[in-house]
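Note that the numbering runs from 1 along the sequence shown for the chain.
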Amino acid sequence: MRFTREEFETMASQMLDQKPISYEMLAQIAEKTLRSTVKNWCSSDETLKGRGYEDDIMQEIHVRLIKTTIPYFLRRSGVSGPYNNDPEGFEDWLFRVAENLKKDFANNVRKIDFKTADMEDPLVENLPDRNNGDDDQNAERVEKLMQAFNIVLSSSVNIYKVLTWLAHCLFMFDNDATKIESNKLILAAFENKTLDEMYNMLLDASVSIPWLVITQTQDAKIRTALRKKRRDGVTYGETQYKAFFMKNKGEVSGKKSISDWMNRMNDIVRREMGEEEPDPMSEKDEQSPEKPGDEKTPEDDGGKKGRGGDEASNC
């Protein structure tokens with residue numbers, strides 16, 4: 001086994017006996033047992049390789065284990081009976097859970113890949129028109145956008161994807177930009193910024209949008225994610241945005257990364273809002289494809305100077 005019996009028993013005690021429940025040992029066991037396997041999947045699977053999905057898959061595994069370990073393994077015989085004290089069986093069960101999730105994940109990626117990378121994003125391009133006198137129509141749009149923002153800001157998706165989605169919406173509103181233009185603006189403003197700097201700049205920009213309120217709870221969750229260690233003792237917040245870009249045909253591509261992340265985030269939003277298919281709400285009509293050679297990312301132009309956390313949190 002890749003973990004000890006003592007670690008398994010500690011995990012069971014934390015999850016069954018402690019109040020509130022602790023998932024600390026469960027997370028450690030999952031990392032020990034599954035990280036190398038997931039890494040191998042992400043380097044060998046044709047759908048996943050070279051796209052930086054290792055952390056995404058591990059995060060989804062952690063979420064699924066939190067939801068299923070007690071009812072489907074530790075207490076699978078019922079809450080009144082003894083717990084399933086079988087560490088060897090638990091290791092086998094972990095691999096089955098991970099394998100099933102990996103298949104689901106790869107299938108979702110393939111579905112996203114069928115979408116046109118620069119198709120309109122109805123959920124984020126249906127922004128309130130400041131020049132439109134139809135208050136009822138704008139009110140409906142605002143309500144839908146606020147619902148989408150709440151879904152994204154409350155999600156457990158990797159923090160750089162959450163910030164990308166937020167930046168995309170803010171740029172499209174502040175600059176009346178299309179999706180392609182917004183992608184370029186994101187790269188110019190944030191490519192060489194750390195995620196901490198990126199978030200503070202986005203908070204600064206959000207103050208000018210009265211209907212966008214980042215709550216104290218959401219702000220605290222984002223800052224907790226930014227403080228999380230990524231590798232070599234460096235936090236996500238201390239890591240530059242471009243460090244998360246995926247490779248496209250062997251080359252690092254910021255535009256490909258942003259398009260992929262936005263598609264995944266919009267799928268989450270549509271699913272949470274109960275929309276199986278996009279509802280074409282956009283008033284924009286961006287049809288022009290990216291020109292060959294656009295893969296070269298612009299140099300950082302410094303962006304706007306952000307301001308610190310609580311002052312700009314709009315709470």
Side-chain angles (χ1 to χ4, degrees), residues 2 27 30-65 67-68 91-121 123 152 155-165 168 179-180 183 186-187 191 230-231 236 239-272 276-278 289-297:
R2 303 188 187 186
E31 282 288 327
K32 279 185 177 183
T33 306
L34 301 173
R35 171 66 73 170
S36 61
T37 299
V38 171
K39 186 175 182 178
N40 289 336
W41 287 339
C42 291
S43 62
S44 60
D45 187 283
E46 288 299 321
T47 302
L48 304 176
K49 68 180 181 182
R51 301 179 70 170
Y53 284 139
E54 180 183 335
D55 287 342
D56 296 284
I57 295 175
M58 284 303 304
Q59 185 163 331
E60 293 199 19
I61 287 173
H62 285 304
V63 172
R64 186 167 296 186
L65 290 177
K67 294 178 179 179
T68 61
E91 184 178 48
D92 293 339
W93 183 77
L94 286 177
F95 282 113
R96 289 198 299 273
V97 170
E99 177 69 27
N100 289 334
L101 191 144
K102 174 259 204 180
K103 291 177 181 177
D104 293 342
F105 190 96
N107 285 337
N108 288 335
V109 170
R110 281 190 286 271
K111 290 177 183 177
I112 292 171
D113 286 345
F114 278 116
K115 299 177 181 178
T116 304
D118 290 301
M119 67 186 293
E120 295 296 336
D121 286 339
L123 287 170
V152 171
S155 70
S156 298
V157 177
N158 278 340
I159 185 61
Y160 57 89
K161 294 182 181 179
V162 172
L163 297 186
T164 299
W165 198 92
H168 193 73
K179 179 179 178 182
I180 294 174
N183 288 355
I186 291 172
L187 286 171
E191 181 178 12
R230 181 170 176 249
R231 58 184 57 170
Y236 276 82
T239 305
Q240 286 188 327
Y241 183 56
K242 64 183 178 183
F244 301 98
F245 291 166
M246 305 178 301
K247 288 186 177 181
N248 182 35
K249 298 180 180 178
E251 298 293 330
V252 174
S253 173
K255 290 182 180 179
K256 173 67 175 176
S257 301
I258 291 172
S259 293
D260 184 271
W261 299 340
M262 286 300 302
N263 284 333
R264 289 187 61 78
M265 293 302 299
N266 285 334
D267 276 357
I268 291 172
V269 171
R270 282 193 290 268
R271 185 167 62 248
E272 291 295 323
E276 292 298 325
E277 296 294 335
E290 294 190 23
K291 298 177 182 179
D294 276 354
E295 289 302 318
K296 182 178 180 181
T297 56

Nearest heavy atoms of [X] and [Y], plus distance in Å:
| X | Y | value |
| --- | --- | --- |
| R2 | T33 | NH1-O, 3.0 Å |
| T239 | A243 | CG2-CB, 3.6 Å |
| E191 | Q240 | O-CB, 4.4 Å |
| I57 | C42 | CD1-SG, 3.8 Å |

Checklist entry - What do the steps show when you test W41 against Y53 for ring pair (Phe, Tyr, Trp, His ring centres under 6.0 Å), and what is the final call? => result CA-CA 10 Å; W41 287 339; Y53 284 139; over 10 Å; no

Going from [atom1] on [X] to [atom2] on [Y], what distance comes out if it is rounded to the nearest 0.5 angstrom?
| X | Y | atom1 | atom2 | answer |
| --- | --- | --- | --- | --- |
| N158 | R264 | CG | CZ | 9.5 Å |
| K39 | S44 | NZ | OG | 12.5 Å |
| I159 | F244 | CD1 | CZ | 9.5 Å |
| L34 | M58 | CG | CE | 5.5 Å |

Applying salt bridge (charged side-chain N to carboxylate O under 4.0 Å, His left out), can you list everything that pairs with [X], at least two apart in sequence or on another chain?
| X | answer |
| --- | --- |
| D104 | R64 |
| K49 | E46 |
| R230 | none |

Item to check | Evaluation steps, side-chain contact (heavy atoms from CB on, under 4.5 Å), between Y236 and D55 | outcome: CA-CA 12 Å; Y236 276 82; D55 287 342; 3.5 Å; yes

With the side chain counted from C-beta on, respond yes when [X] and [Y] share a heavy-atom pair under 4.5 Å apart, and no when they do not.
| X | Y | answer |
| --- | --- | --- |
| L94 | L65 | yes |
| V38 | K102 | no |
| I258 | Y241 | yes |
| V269 | M265 | no |

Checklist entry - Checking D260 side chain against K256 main chain: does a donor-acceptor pair fall under 3.5 Å? => result no

Item to check | Backbone of T47 reached by a side-chain donor or acceptor of D45 within 3.5 Å | outcome: yes

Checklist entry - Do K161 and D56 meet the salt-bridge criterion of a basic N to acidic O distance under 4.0 Å? => result yes

Item to check | D267 and R270 ion-paired at < 4.0 Å | outcome: yes

Checklist entry - Is there a side-chain contact (heavy atoms from CB on, under 4.5 Å) between F245 and L187 once you walk through the steps? => result CA-CA 11 Å; F245 291 166; L187 286 171; 3.6 Å; yes

